[in-house]
Structures are given as structure tokens and as C-alpha cells.
Amino acid sequence: MASLSFKHIYKKYPGNVTAVSDFCLEIKDKEFLILVGPSGCGKTTTLRMIAGLEEITEGELFIGDKLVNDIAPKDRDIAMVFQNYALYPHMTVFDNMAFGLKLRKTPKEEIKRRVEEAARILDITHLLDRRPKALSGGQKQRVALGRAIVREPKVFLLDEPLSNLDAKLRASMRTELTKIHKKVGTTFVYVTHDQVEAMTMASRIVVMKDGLIQQVDTPQNLYDFPVNIFVAGFIGTPQMNFINSKLEKRGDDVYVTFGEYALKLPKERAANPALADYIGKEIIMGIRPEGIHDEQRIIDEMPESAIETTIDVTELMGAEIHLYLTVDEQTVVARVASTSKARAGDVIKVAFDMNRVHIFDKDTERCISH
């Protein structure tokens, strides 16, 4: 088993293109770490540098206590699971899983033991005699994982392994992967652009943008305490609402104002010294959809943060309803109970839970107050 240590790693391509910049990170032994971000953010490049498939331009990468910058991929004791599974079509599942061990001249009995053990963990024992063309997408995914597991590597690298599966299978494979990680007890480094995968599986998430780490934290902390607008908007579905606003002091109270609306900050939020420099200035207020309520009981409890608005569109999601509202010419989404009677075209009152707002610097986009 192994930890990984990235010390100021850069990846630069010809033509002065920098794919990854000053990447510093410690990945703990047996951790399930997920790299997430939009296309082109550098997450797959980072994974390929761990595998040795991309050269590191600057910096040092350690697997365990071993510097691996100049070590060949086959000698790094890692296993990679690709997006397209990369199975040999003419071989049985058993032979696909055993292939890497045969190349290493592992004894036959040991190969049989490892393949059967991996097949048991993955629940594919009944498929060992089949060829890939007779397998479903989910089964192929398990075989690709099995081929990695039998090698008993120090680190598993997974590059968008669920992206080829349909939505239902993807959801069940998320659960399976989490169980497999617990059973195998190895370090997993996983790349995806799907924040739902990241939120449901990772012990920690690295959010990347333009080759730079934006934030590294547990899924819940990323959701509750994003460091900037990018992280706040990337994590969470529907995404956080952002409203161009102003901070104003009226007597002893502090208000977030936009258009004709003024929402009062609770006393303990208003007392945050970080806000003092922003009084009278433009800011961006962020609030998650579940922080906006249409229940009369809650509106009555929060009269100083209730506003009147028109519903443009409603989306019934089964367990909840998403209301799309226009607030000061900006679209805002509220996530409300499925029992809500609100319908498109209605003029309704909604209350903003001002204990749950995030206040961002308009210029730097960094979070000033959670």
C-alpha cells in the first residue's frame, strides 16, 4: 500500500502550454481521492503523470517514499483502469484478468488464486469463461477492475471509468466501487468531471481549474465551505445561485441589497470582521437552492429576508420541485418540497435563509464569509 506526494509539479507542453501548475498534494495510504473539474483542467494529465505515461516537467512525485519521476510505468507498482476498458476481444474474462500476471511469469497456481479471488470480490465468477463481446457494459467495467486488482498494486488509477455506462448502471457502479475500495484496501486516485460521482465516493476531492488546484477537502466541506465562486458553482446540483448585490449598513444592521430588495443578515453573520471592508461595496451573494423557501411557516419566521417574485418554470423531480424565479433580472433556483403548490406564472413570496448565504468578493471571486 502507498501514499503519494506531489511536490510543486508542473506539466508544460511545447508552445508554452501549461497543463498543470504548481501541483502540491499529499494523498494518504488507502485514501479514495477524486480529481474533479471541467474538461481541460489538467486532471487526466495529473493521473497520467502518476502512471508515468506523461513526463513531469518540473517538481517531484513520490509513491510511498520512492521518487518515481524517472521510473518506467511498469516499475511503479500502479494499475490503471481506462474509460474504454481496453479488454482483449479474443481472450476469455479469465485470460484478460490473468494476462498481466502471465507476462510477469507468475506461477499458474498463484494466477488462478488471484483471478478467482478478484472475481469473487467483483461478483463475476460466473463470467470467467466468457469473451468480452458477450458482456454488458457494467460487466466489462468489472473485468477491467479485476485485471487491475489481481496485480495487487500499491495505487489504483481510474480515468473516468463510469462515463460509458448508462445513468442507472452508473449509480449502482458508484456503490460497487466504494465497496471494492473498502475490500481491496488500496489507495484509489480517480478522475471524473461528474461532481455527483465525486461527492458520493471520495474521502477527499481535489477541485481543479486551468491546471491549478482550487480546493482540496472532504465532500461535505467543499459543499458547505467553498473557497471561491468556481468551487461553489461546480459542486452541487442544481448549482449555487449567485446574485450581484451590495452590502449596506442601516443603523446597527447589515443588509444585502439588490434591485428593490434588502435582505437582513443575522446579527452573528453581520458581526464577522471580514465584512467590515465591504460595507457600501458590490459583492456577490451565493445561496444554494435549498436555502430558498416557499413554505408560509418559514416565510413568517424570516420576514426580513422574504421577497415577492414570479415563477418562470417549475421542474417536478419526484421527491422535490425546482422553482426557477426571476429576481432583479437574475435567474434564481429554489429547491422546495414536492408538496409545494407553486406553479409557473404564480407570483409568490420566498424567504432566503440568510444564515446559509455565502458572500464573495466581486473582483477576486474568493469567499469572504460562509
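It should be emphasised that the depicted structure is a prediction, and the values quoted were computed from it without experimental measurement. The chain is numbered in sequence order, starting from 1. Basis for what follows: all heavy atoms, side chains included, without hydrogens, waters or symmetry-related copies.
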Using the side-chain hydrogen bond (donor to acceptor under 3.5 Å, both in side chains) rule, take Arg269 and Ser369 through it: C-alpha gap first, then chi angles, then the decisive distance, then the call. CA-CA 8 Å; Arg269 294 295 306 272; Ser369 168; 3.0 Å; yes
Not counting sequence neighbours, which residues clear ring pair (Phe, Tyr, Trp, His ring centres under 6.0 Å) with His370? List them please. Phe225, His358
Please enumerate all residues that pass ring pair (Phe, Tyr, Trp, His ring centres under 6.0 Å) together with Phe6, with sequence neighbours excluded. Phe23
To the closest 0.5 Å, what do you measure between CE (Met80) and CG (Leu53)? 5.5 Å
Strictly by salt bridge (charged side-chain N to carboxylate O under 4.0 Å, His left out), give each pair with a member in residues 90-100 just once, sequence neighbours left out. Asp95-Lys102
Members besides Phe360 in its Ile/Leu/Val/Met/Phe/Trp/Tyr cluster (side-chain heavy atoms under 4.5 Å): Ile229, Met240, Phe242, Ile284
Hydrophobic clusters join Ile, Leu, Val, Met, Phe, Trp and Tyr when side-chain heavy atoms are under 4.5 Å apart, directly or via other members; which others share one with Leu67? Phe62
Any side-chain to backbone donor/acceptor pair from Arg288 onto Pro238? Under 3.5 Å, distance only. no
Asp210 side chain to Leu212 backbone, donor-acceptor under 3.5 Å: no
Going by the angle between their ring planes, with limits at 30° and 60°, are His181 and Phe188 parallel, tilted or perpendicular? perpendicular
Which residues pass the side-chain contact (heavy atoms from CB on, under 4.5 Å) test with Asp22, sequence neighbours left out? His8, Tyr10, Cys24
The complete set of ring-ring contact (aromatic ring centres under 6.0 Å, His included) pairs with one or both residues in residues 259-279, sequence neighbours excluded, reads Phe258-Tyr261
Is there any ring-ring contact (aromatic ring centres under 6.0 Å, His included) pair reaching into residues 97-136, and which pairs are they, with sequence neighbours excluded? Tyr88-Phe99
State, to 0.1 Å, how close Leu263 and Met285 come at their nearest heavy-atom pair, and which atoms those are. CD1-CE, 4.2 Å
Heavy-atom closest pair (Ala306 atom, Ile299 atom, distance to 0.1 Å) is CB-CG2, 4.0 Å
Partner of Ile311 under side chain to side chain contact (heavy atoms under 4.5 Å, CB included), chosen from Thr326, Asp294, Asp346: Asp346
Could you point out which residue of Met208, Glu26, Arg204 forms a side chain to side chain contact (heavy atoms under 4.5 Å, CB included) with Val216? Arg204
For Glu268, I'd like to know if atom CD has over 12 heavy atoms of other residues, nucleotides or ligands within 6.0 Å. yes
Name all residues meeting the salt bridge (charged side-chain N to carboxylate O under 4.0 Å, His left out) criterion together with [X]; count only those two or more places apart in sequence or in a different chain, and write none if there are none.
X: Lys349; answer: none
X: Glu282; answer: Lys362
X: Lys264; answer: Asp253, Glu304

By the definition salt bridge (charged side-chain N to carboxylate O under 4.0 Å, His left out), identify the one residue from Arg113, Lys112, Arg114 that meets it with Glu116. Lys112
Name each donor-acceptor pair under 3.5 Å that joins a side chain in residues 117-125 to protein atoms two or more places apart or in another chain, with its distance.
unit_1, atom_1, unit_2, atom_2, d
Glu117, OE1, Arg120, NE, 3.3
Glu117, OE1, Arg120, NH2, 3.2
Glu117, OE2, Arg120, NH2, 2.9

Distance alone, cut at 3.5 Å: any donor-acceptor contact between the side chains of Thr45 and Glu54? no
